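See below for the structure under consideration.
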Amino acid sequence: RKEVEQDPGPFNVPEGATVAFNCTYSNSASQSFFWYRQDCRKEPKLLMSVYSSGNEDGRFTAQLNRASQYISLLIRDSKLSDSATYLCVVNTHTGNQFYFGTGTSLTVIP
Amino acid sequence: DTEVTQTPKHLVMGMTNKKSLKCEQHMGHRAMYWYKQKAKKPPELMFVYSYEKLSINESVPSRFSPECPNSSLLNLHLHALQPEDSALYLCASSQDSALNEKLFFGSGTQLSVL
């Protein structure tokens with residue numbers, strides 16, 4: 001079983017739409033959770049850390065459900081510039097191990 | 001300064017060549033990483049250095065040889081690579097403090113092996 005499972009998509013949504021990505025993790029000892037954004041041929045960049053209480057940054061909302069072992073990312077009012085691959089990343093804090101989901105591809109269409 | 005610097009940005013090499021990828025960070029991070037990423041796949045961990053010591057080697061072939069000269073620098077020496085080694089090689093760093101660790105990536109080296 002993979003450490004982190006993520007729907008690869010692709011998600012093709014119109015501008016202004018709301019889109020949600022989910023990710024599940026297998027290790028209940030996982031401590032830190034993140035969403036990274038990666039543009040084509042670029043490096044992954046940290047989008048948001050994910051906390052149990054949920055956190056919001058403008059149009060982006062991240063949630064963590066420890067009981068069900070999943071994290072989510074909600075993007076409201078999608079912009080063309082949101083088109084990218086979104087990577088779910090989990091850290092167990094043992095041995096500097098970060099586990100990556102396969103990434104979810106998002107294309108926002110005019 | 002939240003930057004991880006990688007050089008070169010692009011590299012084309014033959015199977016008999018020897019080359020090195022370089023990575024530098026000045027954020028005081030004590031963990032540094034090499035990842036390999038193929039198109040449409042997530043980054044795949046190769047090596048981790050923690051406090052300048054190799055802590056993880058994910059069964060990487062010996063034609064890839066990492067080196068950590070000091071806490072700010074990380075190199076990846078390449079020798080006798082195969083065409084299937086062509087990929088984006090990403091360096092990353094983290095604080096290694098076990099408190100909300102975050103990975104910071106360099107812009108990567110796009111490697112083509114002919």
Side-chain angles (χ1 to χ4, degrees), chain A residues 2-11 21 23-25 27 29-53 55 57 62 64 71 83-107, chain B residues 2-6 9-10 21 23 25 27 29-58 68 74 86-112:
Chain A
K2 287 185 181 177
E3 292 280 345
V4 179
E5 301 262 13
Q6 192 177 353
D7 181 353
F11 284 66
F21 307 137
C23 169
T24 57
Y25 60 94
N27 189 341
S30 299
Q31 298 285 338
S32 301
F33 310 88
F34 309 94
W35 284 103
Y36 279 74
R37 171 198 168 122
Q38 186 171 25
D39 293 287
C40 188
R41 296 180 180 276
K42 300 282 189 182
E43 75 276 21
K45 291 187 177 177
L46 180 65
L47 179 66
M48 299 177 77
S49 298
V50 189
Y51 305 112
S52 295
S53 54
N55 46 305
D57 182 3
L64 165 64
I71 69 174
S83 298
T85 295
Y86 291 83
L87 291 157
C88 169
V89 181
V90 173
N91 184 354
T92 59
H93 286 186
T94 53
N96 305 104
Q97 280 280 31
F98 288 83
Y99 296 96
F100 285 76
T102 52
T104 298
S105 173
L106 171 67
T107 301
Chain B
T2 56
E3 194 172 280
V4 178
T5 304
Q6 279 188 250
K9 291 196 184 305
H10 303 276
L21 309 185
C23 177
Q25 58 88 14
M27 294 180 279
H29 288 176
R30 304 315 299 259
M32 296 187 76
Y33 308 73
W34 280 115
Y35 285 87
K36 172 183 176 180
Q37 188 175 26
K38 292 279 209 180
K40 299 188 187 301
K41 298 286 187 183
E44 180 184 327
L45 183 64
M46 300 175 74
F47 303 104
V48 182
Y49 274 83
S50 177
Y51 289 81
E52 300 165 48
K53 291 192 187 327
L54 184 64
S55 60
I56 296 176
N57 176 341
E58 290 286 356
C68 189
L74 185 66
S86 299
L88 179 67
Y89 287 84
L90 293 160
C91 174
S93 69
S94 69
Q95 282 185 317
D96 199 3
S97 65
L99 288 173
N100 198 25
E101 276 294 87
K102 297 183 182 72
L103 270 180
F104 293 89
F105 285 92
S107 56
T109 295
Q110 189 65 54
L111 174 68
S112 296

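The model shown is predicted, which means the values in this text are computed figures rather than measured ones. Just the heavy atoms: all of them, side chains too, but no hydrogens, waters or symmetry mates, feed the values below. Residue numbers begin at 1 in each chain, while the letters A, B, ... track the order of the sequences.
Between the side chains of A:Q38 and B:Q37, a donor-acceptor pair is found at a separation under 3.5 Å.
In this structure, the separation between NZ on B:K40 and OG1 on A:T85 is 7.5 Å, given to the nearest 0.5 Å. Distance check, rounded to the nearest 0.5 Å: OG of B:S107 to CZ of A:R41 gives 14.0 Å. Put simply, OG on B:S55 and CD on A:Q97 are 8.5 Å apart, with the number rounded to the nearest 0.5 Å.
Contacts between B:L45 and chain A at a heavy-atom distance below 4.5 Å involve the side chain alone, from C-beta outward. Proximity to chain B is limited to the side chain of A:Y36, based on heavy atoms less than 4.5 angstrom apart.
Nearest heavy-atom pair across A:E43 and B:G106 is CB-O, 2.9 Å. Here the closest non-hydrogen pair linking B:F105 and A:P44 is CD1-O, 3.5 Å. Summarising the geometry of A:G101 relative to B:P42, their closest heavy-atom pair is O-CB, 3.2 Å, with the distance given to 0.1 Å. Of all heavy-atom pairs spanning A:K42 and B:L88, the tightest one is O-CD2, 4.1 Å.
Residues passing the salt bridge (Lys or Arg N to Asp or Glu O under 4.0 Å) test with A:D39, sequence neighbours excluded: A:R37.
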